[in-house]
Amino acid sequence: MDVKVEVVEGVTCVALAGKLDASTVADAERRLVEIIDGGANAMILELSALTYISSAGLRVLLVAAKKLKTKRGQLVLCGIQRYVKEVLDISGFSAVFPTAPDRTAALTLARPK
Amino acid sequence: MVETITLRNDLGEIRRVQDRFESAAAEAKLPQGVVHAIVLALEEMLANVIEHAYPKHEAHTIDVTLTIEERQVTVEIVDGGAPFDPLDVPAPDTSLGIMERTVGGLGIHLVKTMMTDVRYRRDGGRNVLTLMKTFGELGE
């Protein structure tokens with residue numbers, strides 16, 4: 001699991017690459033919680049290089065989104081690939097997480113109002 | 001192709017079974033969607049067994065039999081842990097908002113949705129879970 005962080009127009013963009021599965025979730029969760037506790041409140045998760053997510057990975061998305069919500073921020077997902085989309089759709093996450101095709105569109109949704 | 005892999009009850013072992021399946025699937029030229037569904041099902045169901053079937057810090061083994069046929073993949077997971085029928089787990093409410101959502105039951109919900117058939121039986125003190133995915137001209 002590769003995690004890259006960049007701040008664009010006040011929004012923390014985190015790119016996750018590889019697989020978010022039982023063996024990588026602990027590390028991914030620790031990194032995201034660190035970033036949020038470090039002050040981020042609007043966050044974009046860029047998933048264009050994420051090829052796989054399981055329910056363990058969904059849990060991490062939920063933990064991050066809940067933490068951001070309590071700070072009146074939010075988590076926007078973008079660049080979702082085929083198999084990740086399938087899992088997000090079946091779990092109902094596609095309906096509750098704001099999603100965008102790419103980072104530019106995601107920034108419009110994530111920017112603090 | 002039929003192959004049985006015996007793994008320890010350790011989450012790190014899941015990747016080994018997935019890798020073995022993926023190389024057999026590549027050889028058999030299975031459709032990508034089928035491969036993804038089985039890889040996910042292996043993680044979800046094995047993680048369940050590893051986390052719930054045995055007391056922590058007790059070493060046990062789990063047998064996974066992978067069968068690849070022309071239009072069907074079958075995965076059989078056998079463990080000697082506490083009786084546990086994953087089909088009894090209530091379906092999660094997938095319509096709840098972010099703050100109300102939990103991921104309890106989500107793994108099994110994913111597997112039930114993505115497999116053609118999921119069966120459980122208790123057999124001679126062991127849990128036997130069979131996952132089946134069929135495919136063909138009408139599928140992928």
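Just so we're on the same page: letters track the sequence lines, and every chain starts at 1. If you're wondering where the values come from, they're calculated on a predicted model, not measured in any experiment.
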Do other residues, nucleotides or ligands put more than 12 heavy atoms under 6.0 Å from the [atom1] atom of [X]?
{"X": "Arg119(B)", "atom1": "CZ", "result": "no"}
{"X": "Glu58(B)", "atom1": "CD", "result": "yes"}
{"X": "Lys4(A)", "atom1": "NZ", "result": "no"}

message = Closer than 3.5 angstrom, by distance alone: can the side chain of Tyr83(A) be matched with the main-chain N or O of His36(B) as a donor-acceptor pair?
response = no

Approximate separation, where rounding is to 0.5 Å, of Leu110(B) CG and Leu58(A) CG = 6.5 Å

inquiry  = Using 0.5 Å steps for rounding, measure from the CZ atom of Arg82(A) to the CD atom of Gln32(B).
reply    = 8.0 Å

query = Taking only heavy atoms into account, what residues of residues 15-29 of chain B are found under 4.5 Å from chain A?
reply = Arg15(B), Gln18(B), Glu22(B)

Contact listing (chain A partner; residues 39-47 of chain B; heavy atom under 4.5 Å) = Val39(B), Leu40(B), Glu43(B), Glu44(B)

task = Using a cut-off of under 4.5 Å on heavy-atom pairs, state which of Ala65(A), Ala95(A), Ser54(A) scores highest against chain B.
result = Ser54(A)

Let me know if [X] has heavy atoms under 4.5 Å from chain B in its side chain, its backbone, both or neither.
{"X": "Ala22(A)", "result": "both"}
{"X": "Leu61(A)", "result": "neither"}
{"X": "Ser23(A)", "result": "side chain"}

